[in-house]
Amino acid sequence: MKITDLKSQLSDYECKVLDRLNETSIFGGKNKNELEPEEAARARLLLELFQDPAERDAVVRILGIAYPQLPAVVSGASAGKVHGPGTVEMERTPLYRMFHPRSIAVIGASHDPSKVGGAIVANLQDGKSPARIIPINPKGGSIAGLPVMVDLAACGKVDLAVVAVPAAKVPDVVRECGRLGIKNVVVISAGFKETGTPEGIALEDELRKVAAEQDIHVLGPNCLGIFGGQMNASFAPKAPRSGNVALISQSGAIVNALIDDGLGMRAFASLGNALIEPHQILAEYAADPQAKVIAAYIEEIHDGRKFIEVASRVTRDKPVIVLKSGKSSAGRQASMSHTGSVAGSTAAYDAAFRTAGVLAVDSQQDLVDLAAALGSPQPLPKGRNVVVLTNAGGPGILTTDAVEQFGLKLAELSPETQAKLKAILPANASAKNPVDLLGDAMAERYQAAFDIVLADPNVDSVICVASRQKMTDVDKIVEVAASHRGTKPVLSAFIGANGMVSASMLCDYRGLPNYPDVSRAARVLSRMADYAEIKTRPAFEPAKVEIDREAVRKAEEKLNLAAGGRLGPELLELIGAYGLHRTQQRFAPTLEAAVEAAKAIGYPIIMKVNSPDVVHKMEAGGIEFDVSDETKLRQGWQNMMGRVDAWGKKKGIAVRIEGVEIQNQLKQDRNVVIGVLNDPSFGPMVMFGLGGAEVETFKDVTFELAPLSEASIDSMIKRIRTYKLLEQPKGGKPVDFEALKDALRRISQLAVDYRDQLQELDINPLRVYPKDDTGKRHAVWAMDARAQFLPRADNAGTPHAAGT
């Protein structure tokens, strides 16, 4: 094919790319419409010459016209395998053809561009997709110059079907797609479970069933569509700006908003009602070398463990940023445990994101800010020590505050660095960090300061701050900052958005992340440091612990865990079998039985009411402390029963009292709580925090998914606000942290073992003592416990132990 003939099929932009392409002499080989192995290899290497995603897509289209087999090589996520002359095979992801279709059928295409079916065809044409576009409408004719097919069967081979027909017709249309061998379908149509009606829910159930039966990937329903490179199979009002961010969104409106925000995208997938789950799109984006950053707006994840599995692999190579909505919903008010009550709606998601190395953000603006930085040519920081270069004192102070606020540190400049700065700065400028270059600083002064501070080994990154003065040439300062692209990241904050339009555009062009507010720059730099730590952290490995399985089996039989149900203090039997030390405890149904139990255990004792109507005993007045003899026991019994009865009347409850629990009273020390809550999506998670009656008041707790690793155990202990009370109490010794960590390992294993049964569990209080060098006293004691178990599915057998 001659170059002139090829150009007649291309846009002006593609012709310009072709001129560059032709310089490589790719067309100098044999041209038999069959791709030779050596040419395939050269074609793959060719893409490295083009850094801009739009240029890469143009290359794919140009080479695809010249060599029909070539798109399978150059546009794929994986390298092609050449098996001989004229034969190229691809290792593709399951959703490869959804994002890289050779032919697209729009079922429900409309002659009216104001309707969804018309807008999709228009967007496909505007995007200059290399795919064959096939509008389908029973009326026939033509749409936007394209011949219209009256039915799907007449279309020939189709890689992707985009469906925009009434909801009631969708299952039959998808069934027809399956019959014709179409494996990728995007259902734009609404009217399914999002309506909340029985009809809509039933319709979606039918669609899900058809997709499974036909082995079809269905994106949607009720979605905006899909975008990839030059293909815009959506009804978005405009195509996104070209970029390297791949977006997953459970809201079409959020996609449109991020397009308007100027987020440069390689691809987007609007999940709608999410027949395809986020982790499936995540795996597709991970395989795309032009997708440098993956961003997601998430409302709900159904298969949480699969998401963690996929995301954990992806985040070691590419950053994954997630904006999760629904954070304001109330916690589990009906929960029977402290753990369930304080968990709230985000604890499992937060724990899952930490486990997977996902960067969670709090707002749309944060997502755009962070994606722009991580997608830029700037490297990740090797540490958290920051230098602030500024031409004004006020912004420098604000930046310093933000640096501290977001967990960064002002770098301590070496004496040598400060001496060099003093030599190039005016006498009244500051050579300390933040480095105040003064208001008359021109680009040359910034240049000299950059050269000096970046050479200091104590410096990991720089935030360049500039405000406009009459003499300031901001564009030249941008060029200076952007030119320092080496092993240390540089971010800029050119403050005063309206006066910095030109500078902002120049920053964008030069790959220099810029923010009109210094706090945004500091926040982004902090998250870049977070991701640098994620990439280098060791692979997850569950904490190891030895469990006496025979003791566990006996405790399980004694408690009849196979039958499920609620357990109170008797749960200490199982907790003891898992290796935690527990108090002596006996149930007493009557006052006289309580007297005998106290004699057997030995005074002093604690007396606790046993009632199915009392969940939180302290609140109901159902605990009597410091019972030192029989007289106090008898009086305490009467007092406690009176308090519980009064509490019940106030609540309008006829409290059923089955008796009391008699427990030996240990010496007071610090109380913590360990709990387990089984999340329906992510499975069991372990809670740790401040214990005692105040757990729900202060909610000083942390959560991590089970099984715990040694790193997550250490992290969850140190993240509570009252950690200092454990580490450095007034007038006391630190608690035995090794014993505390061992307790968490054991409860983590219990949570995994009973993940199909255990719904929630509390050990509260868990009393923790300082380390006893004599070895005469155990450092951790379980004082009380409760749990909720489901009946075992087979009502027999032993729990499945992870890793055993």
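Only heavy atoms go into these numbers, but all of them, side chains included; no hydrogens, no water, no symmetry mates.
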Subject >> Audit row: Val518, Val388, side-chain contact (heavy atoms from CB on, under 4.5 Å) steps and yes/no >> reply: CA-CA 10 Å; Val518 294; Val388 178; over 6 Å; no
Subject >> Check: Asn385 side chain, Glu412 main-chain N or O, donor-acceptor pair, under 3.5 Å >> reply: no
Original post:
Are the side chain of Gln280 and the backbone N or O of Glu277 linked by a donor-acceptor pair below 3.5 Å?
Top reply: yes
Take atom [atom1] in [X]; do more than 12 heavy atoms of anything else shown fall under 6.0 Å from it?
X: Arg468; atom1: CZ; value: no
X: Lys318; atom1: NZ; value: yes
X: Lys535; atom1: NZ; value: yes
X: Glu404; atom1: CD; value: no
X: Gln405; atom1: CD; value: yes

**OP:** Test salt bridge (charged side-chain N to carboxylate O under 4.0 Å, His left out) on Asp260 and Lys238 and set out the steps.
**Re:** CA-CA 9 Å; Asp260 288 339; Lys238 65 179 180 179; 3.7 Å; yes
Within a strict 4.5 Å, meaning less than it, do heavy atoms of the [X] and [Y] side chains meet?
X: Val474; Y: Ser502; result: no
X: Asp530; Y: Arg384; result: yes
X: Asn244; Y: Gln290; result: no
X: Asn391; Y: Tyr446; result: yes
X: Asp126; Y: Asn232; result: no
X: Leu525; Y: Phe406; result: no
X: Val162; Y: Ile104; result: yes

[atom1]/[X] to [atom2]/[Y] distance, rounded to the nearest 0.5 angstrom?
X: Asp369; Y: Arg520; atom1: CG; atom2: CZ; answer: 4.0 Å
X: Arg527; Y: Leu359; atom1: CZ; atom2: CG; answer: 5.0 Å
X: Ser114; Y: Phe235; atom1: OG; atom2: CZ; answer: 13.0 Å
X: Lys409; Y: Asn433; atom1: NZ; atom2: CG; answer: 13.5 Å

**OP:** Before giving the answer on side-chain contact (heavy atoms from CB on, under 4.5 Å), spell out for Ile463 and Tyr515 the whole-Å C-alpha distance, their side-chain angles and the decisive distance to 0.1 Å.
**Re:** CA-CA 10 Å; Ile463 297 177; Tyr515 306 95; over 6 Å; no
Original post:
With respect to Met528, which candidate in Ser461, Pro513, Pro489 satisfies the side-chain contact (heavy atoms from CB on, under 4.5 Å) definition?
Top reply: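 Between Met528 and the candidates, side-chain contact (heavy atoms from CB on, under 4.5 Å) is satisfied uniquely by Pro489.
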Subject >> Among Leu421, Leu425, Val435, the one residue meeting side-chain contact (heavy atoms from CB on, under 4.5 Å) with Ile452 >> reply: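 Among Leu421, Leu425, Val435, the one meeting side-chain contact (heavy atoms from CB on, under 4.5 Å) with Ile452 is Leu421.
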Original post:
So His484 and Asp451, side chain to side chain donor-acceptor pair (under 3.5 Å) or not? Walk me through it.
Top reply: CA-CA 8 Å; His484 288 85; Asp451 290 340; 2.9 Å; yes
**OP:** Report the C-alpha separation of Asp440 and Lys470 in whole Å, then their side-chain angles, then the decisive distance to 0.1 Å, and conclude whether the salt bridge (charged side-chain N to carboxylate O under 4.0 Å, His left out) test is met.
**Re:** CA-CA 9 Å; Asp440 63 348; Lys470 184 69 175 176; over 6 Å; no
Subject >> From CA spacing to verdict: side-chain contact (heavy atoms from CB on, under 4.5 Å), Val459, Leu413 >> reply: CA-CA 8 Å; Val459 175; Leu413 299 177; 3.8 Å; yes
Original post:
Taking all non-hydrogen atoms of both residues, which atom of Ala287 and which atom of Thr93 are closest, and how far apart?
Top reply: CB-CG2, 3.5 Å
Subject >> Nearest heavy-atom neighbours spanning Ser376 and Gly511 >> reply: CB-O, 3.8 Å
Original post:
Got a sec, which residues hit ring-ring contact (aromatic ring centres under 6.0 Å, His included) with His279, two or more places apart in sequence or on another chain?
Top reply: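 Applying ring-ring contact (aromatic ring centres under 6.0 Å, His included) to His279 gives none.
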Subject >> From CA spacing to verdict: salt bridge (charged side-chain N to carboxylate O under 4.0 Å, His left out), Asp350, Lys324 >> reply: CA-CA 9 Å; Asp350 290 345; Lys324 169 70 174 71; over 6 Å; no
Subject >> Asp288/Arg266 salt bridge by N-O under 4.0 Å criterion >> reply: yes
Original post:
What residues, two or more places apart in sequence or in another chain, satisfy side chain to side chain donor-acceptor pair (under 3.5 Å) together with Ser414?
Top reply: Glu416, Thr417, Asp456
Subject >> Selection residues 394-403 - residue pairs positive for side chain to side chain donor-acceptor pair (under 3.5 Å), sequence neighbours left out >> reply: none
**OP:** Please test Arg523 against Asp362 for salt bridge (charged side-chain N to carboxylate O under 4.0 Å, His left out), starting from the C-alpha separation and ending with a verdict.
**Re:** CA-CA 11 Å; Arg523 181 190 287 112; Asp362 295 324; over 6 Å; no
